[in-house]
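Lettering of chains follows the sequences in order, A, B, ..., and the numbering in each one begins at 1. Remember, predicted model here, so these are calculated numbers, not experimental data.
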There are 2 protein chains.
Amino acid sequence: MKKKSNIKDVAKLAGVSFKTVSRVINNEDTVKGDTVKRVKEAIETLNYQPNNAARNLAGSKAYALGYVYDNPNAYYVLDAQNGILSECRDRGYELVIHPCSATNDNIVDELATMVKRSQLAGLIISPPLSEMPDVLAALDELNIKYIRIISAAHVDDMKSPCVCIDDQNAAFEITEHLIKQGHKHIAFLRGDEGHGSSHERKHGFLNALASNNIETNPSYLIDGSYSFEFGVDAAKQLLALKNPPTAVFCCNDEIAAGVLFAARLQGIDVPNQLAIAGFEDSPFSRQTWPKLTTAAQPTNLIARTAASSLIQHLSQLKLAKGSQAESPKLYFRPTLVVRESTEHVLEDPHE
Amino acid sequence: MKKKSNIKDVAKLAGVSFKTVSRVINNEDTVKGDTVKRVKEAIETLNYQPNNAARNLAGSKAYALGYVYDNPNAYYVLDAQNGILSECRDRGYELVIHPCSATNDNIVDELATMVKRSQLAGLIISPPLSEMPDVLAALDELNIKYIRIISAAHVDDMKSPCVCIDDQNAAFEITEHLIKQGHKHIAFLRGDEGHGSSHERKHGFLNALASNNIETNPSYLIDGSYSFEFGVDAAKQLLALKNPPTAVFCCNDEIAAGVLFAARLQGIDVPNQLAIAGFEDSPFSRQTWPKLTTAAQPTNLIARTAASSLIQHLSQLKLAKGSQAESPKLYFRPTLVVRESTEHVLEDPHE
DNA sequence: CTAGCATATGACAGCGTTGTCATTGTTCGG
DNA sequence: CCGAACAATGACAACGCTGTCATATGCTAG
C-alpha cells in the first residue's frame, strides 16, 4: 500500500498549516476561497482520506450511527440498511449495524455498550424495538440519542424524533379498493402482536368497513404472525367457513402468499373466487401468480430520511444546548398498488 | 449519559498503571493472575468499554473488517452479514458493510478509499466480486488484504485465502438424486453468466449425467439468470418441447419457484408429472407447494468462518513478516435436502 | 552473597485529528 | 494616518489508547 498520506502531508503540499486543512475538510467558512482551492487540489493529488478514528477521538462529535433492528424480513432490513448507508456515505458517517433480539432482557445494556464502544452519535431504531416504551425510556435515561421508525398515523409524544409510517390510512385505502370491487365479505389476517403495524393496519381495515357501513364478521378476523405458514393455516380456516369471505386482506405479502397457496391447493380461482391483498410490496408480491395487490412503502427512502433527520437533529441539539430542540416528526404513507390478485369486480357472490 | 470511564479511571481504581489495564484488555500474558483479577473487577464496576477509535489510532493493528457484496439475494446477504458480525463481536472487531456494484469501473478506488477511511484490517468479498481476477489483482497491488468466498471444487491459486463452496459436487449429488428417482430427461436452468456458482453447478450436473451414461439433450440446457422470471420463461420453453423433460434442476430456488409456478399455470402436477429441484435452501424453497428439494449451504457459518480465518491470517502475516504465510483454503459442501417437489419415483415416462 | 536473568509493571511518546486560543494581516471610521 | 475591529491562519494541547523501552522485583546458579 502506498504510504498513507495524512493531514500534514496535505498541508505541506498546499503550503498551509495542517489546521487549515482540517478547516477545509470540515467545510468551515473562515478559509479564503483561494486557499480552499489549493488545499482541495492537494487533497486530490495525494488522494488523501481523513482518518475516521482520529476524527472521532479528537472531536467531540461522533461520526457514526447505529442501525438497530430485530426483523425477520430480509428484504425490509436490507432495503433500510442501504438507505441509511447512502445517507451516511454522503455525510461522511460510518454505520454500525446491530441486529438483536427485542425479547432479550439485556437489550438496553447491549445497546449502551455498543454506543460507547463505537462512539455512536445516535441510533436508528426500527420496529418492533422502536415501539417498546421500556426500551426507549431506558435509552432516554442513558441520554442515548435515537430516531425511531414506527407505524403510526399520528404521534402525540413530543419527546423523541421519529419517522412515521401511516399504515392505518394505507390499509384504509386497500380496504376501500376491495369494497369498490364489490366485496362485502372481507377477511383480515393480522400479523404479530408485538408489531404496531399489525394493529394500525387492522384499525385502517375496520375503519374502512365502518365508514362503508359494512358489518364486521368476527370469524373473518384472525390474529397471527407475519408468516407464510400463518397465511396457509388461516386460509384453510376461512375457506372452511359456511360463509367464506370473497376477499382477504393480509397484513403483509408473506401471509398473502400463504393464503394464495392454500387457495390454489383447494382449486379456488384467484381473483375470481377469492381476491387477495397483501401489504409491503416485497418481491414476494411480484413472484406469485397472480401477482398481489399490495401497498408499497419506500423503505429505502424512509430509512434514509430517518438517518438524515437524526444527523440534523443531533447537530441542532449541539447548537441549542439546554434549550429544547424540537423533535422532528415525518410521515410516509404507503401507496396502493393494484395487481391481478384483486382484479375482478364482483357481481353478486353471496345472494 | 454517565461520564464515560476511560482506561485511566480503571487503572486508578485497580491501583495499577493504565498500561497494565491495556495489557489485560488485550489478553497479554505477562500480567499476574492476581492483578488481572483486580483489573477485571475494576472494569466491571466502572462498566468500562475500550474506545475503538483510540485503539485503532494508537495501535498498528486495525480493528475493523469490511464486508463487500453485490448480490441481489437479500436472504443470502443478511445471513452472511450476521455470520460475519458474530465473529467480529466475539473478537472485538467492528464491521463496515459495503454494498456495491461489481460492474462499476471505479470499484477498486471505491474499496481503497473505504479501507483507508475506516482503517480496515481486511475485506471479506463475496461473489461475484470475489471471482473477478482484475479486481483482486488491483487489490493485491494496493496491498489490501482480503478473503474471498467463492464457488469452487478446487483452488490452485495459492495467493489469496479463500472459503470455497463446493457447488459442483453438491450439484452432482442433486442430479444423482433425480436420476435415482428414475429420471433420464432432466433439464438444467443456469443462473447468471458472471457467477462462478452457475458454472460450477452446471459442471456438476453434466458430470452426473455423464457418469450415469445419460445423454445430454441440448434443448434441456438453458442459460439465464438467478431470477423468478427466468424460471417462468424457461419452464414455458421446456414444456413446449415435443419431448419435455420429466425433471428440472434449477440453479437456485428462485428459478425453481418460477418453474413451479409456470408448471402449475399449465396444470402440470409437481412432482408427479414434473420433478423440480432448486439450490440454496432459501426460505423460498419452503414456502412453495410442494416444498422444493434443494441443497443447503450454511451461509451464516461460511461467512463466519471467512471472518475468523481472515483475522487469523492477518495476525499470522503480522508475525511472519516477510516469510510467506500460507493462504488458508477452506471447503464447504452444500448438502442435499429432499422435499416433496421430487418425491415421486418415475415408472416409465417416455416410452 | 551476588551477578545475571526472567517476570511483572510503569513511564512516556506518538497515532491523526479537532478545539482553543494566539497571532498575523486587512479594512474602515474618524 | 492611527487604532479598533475583523478576517484568516497558525501553534499547540488533548482525545484514549498501544508500542517501546526502562525499571523494579524475585529467583537461580556459582
Review point. Counting distance only, does the side-chain N/O of A:Ser86 pair as donor-acceptor with the main-chain N or O of A:Asn82 below 3.5 Å?
Key: yes

Exercise for review: State whether the side chain of A:Asn51 and the backbone N or O of A:Ala54 hold a donor-acceptor pair below 3.5 Å, judged by distance alone.
Suggested key: yes

Revision key, fill the gap. Residue set satisfying ring pair (Phe, Tyr, Trp, His ring centres under 6.0 Å) with B:Tyr146, at least two apart, ordered chain then number -> none

Review point. Taking only residues two or more places apart in sequence or in another chain, which ones pass ring pair (Phe, Tyr, Trp, His ring centres under 6.0 Å) with A:Tyr63?
Key: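 Per chain and number, A:Tyr63 pairs via ring pair (Phe, Tyr, Trp, His ring centres under 6.0 Å) with A:Tyr93.
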
How long is the line joining [atom1] of [X] and [atom2] of [N], in whole Å?
X: A:Leu57; N: D:dA14; atom1: CG; atom2: C1'; result: 9 Å
X: B:Phe18; N: C:dC12; atom1: CZ; atom2: P; result: 10 Å
X: A:Asp29; N: D:dT9; atom1: CG; atom2: C1'; result: 14 Å
X: A:Glu28; N: D:dG10; atom1: CD; atom2: P; result: 14 Å
X: B:Lys8; N: D:dA14; atom1: NZ; atom2: C1'; result: 10 Å

Compare side-chain N and O positions of [X] against OP1 and OP2 of [N] and report whether any pair is under 4.0 Å apart.
X: B:Asn26; N: D:dT18; result: yes
X: A:Asn56; N: C:dT17; result: no
X: B:Ser22; N: D:dT18; result: yes

Would you tabulate the side-chain donor-acceptor contacts of residues 28-35 of chain B under 3.5 Å, counting partners in other chains and residues two or more places apart, or write 'none'?
none

Options [options], nucleotide nearest the side-chain atoms of [X]:
X: A:Thr20; options: D:dT9, D:dA13, C:dG14; answer: D:dT9
X: A:Ile7; options: C:dT17, D:dT9, D:dG16; answer: C:dT17
X: A:Val16; options: D:dC17, D:dG10, C:dT17; answer: D:dG10

Practice item. Would you jot down, in residue-number order, the residues of residues 34-54 of chain A having a non-hydrogen atom under 4.0 Å from DNA chain D? Key: A:Thr35

Study note, to complete from the structure: side chain to side chain donor-acceptor pair (under 3.5 Å) test vs A:Gln49 passes for just one of B:Lys116, B:Arg117, B:Gln119, namely B:Arg117

Say you draw a straight line from [atom1] of [X] to [atom2] of [Y]; how long is it, rounded to the nearest 0.5 Å?
X: B:Leu57; Y: B:Asn52; atom1: CG; atom2: CG; answer: 12.0 Å
X: A:Asp134; Y: A:Leu129; atom1: CG; atom2: CG; answer: 11.0 Å
X: B:Ile149; Y: B:Cys162; atom1: CD1; atom2: SG; answer: 10.0 Å

List in chain and number order the residues that pass side-chain hydrogen bond (donor to acceptor under 3.5 Å, both in side chains) with [X], two or more places apart in sequence or in another chain; answer none if no residue qualifies.
X: B:Asn104; value: B:Glu110
X: A:Ser17; value: A:Thr20
X: B:Asp90; value: B:Arg304
X: B:Ser118; value: A:Glu94

Point to revise | Heavy-atom donor-acceptor pair, B:Lys19 side-chain to D:dG19 base, under 3.5 Å | key: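 Indeed there is one.
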
Point to revise | Per-nucleotide protein contact string for nucleotides 23-28 of chain C, where B marks a base within reach and S marks sugar-phosphate only (heavy atoms under 4.0 Å, - for neither) | key: ------

Between protein and nucleic acid, restricted to nucleotides 22-26 of chain D and to nitrogen or oxygen atoms under 3.5 Å apart, what atom pairs and distances do you find?
none

For residues 73-80 of chain A, please give each side-chain donor-acceptor pair under 3.5 Å, one per line with the distance, not counting sequence neighbours.
residue : atom : partner  : partner atom : Å
A:Asn73 : OD1  : A:Tyr75  : N            : 3.1
A:Asn73 : OD1  : A:Tyr76  : N            : 3.1
A:Asn73 : ND2  : A:Glu280 : OE1          : 2.9

Exercise for review: Would you mind classifying the nucleic acid contact of A:Thr30 as base, sugar-phosphate or nothing, using non-hydrogen atoms under 4.0 angstrom?
Suggested key: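 Base, at least one base atom sits under 4.0 Å.
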
Review point. Just how large is the angle between the end axes of the helix from C:dC1-D:dG30 to C:dG30-D:dC1, five pairs per end, to 10 degrees?
Key: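 Taking five pairs per end, the axes differ by 40°.
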
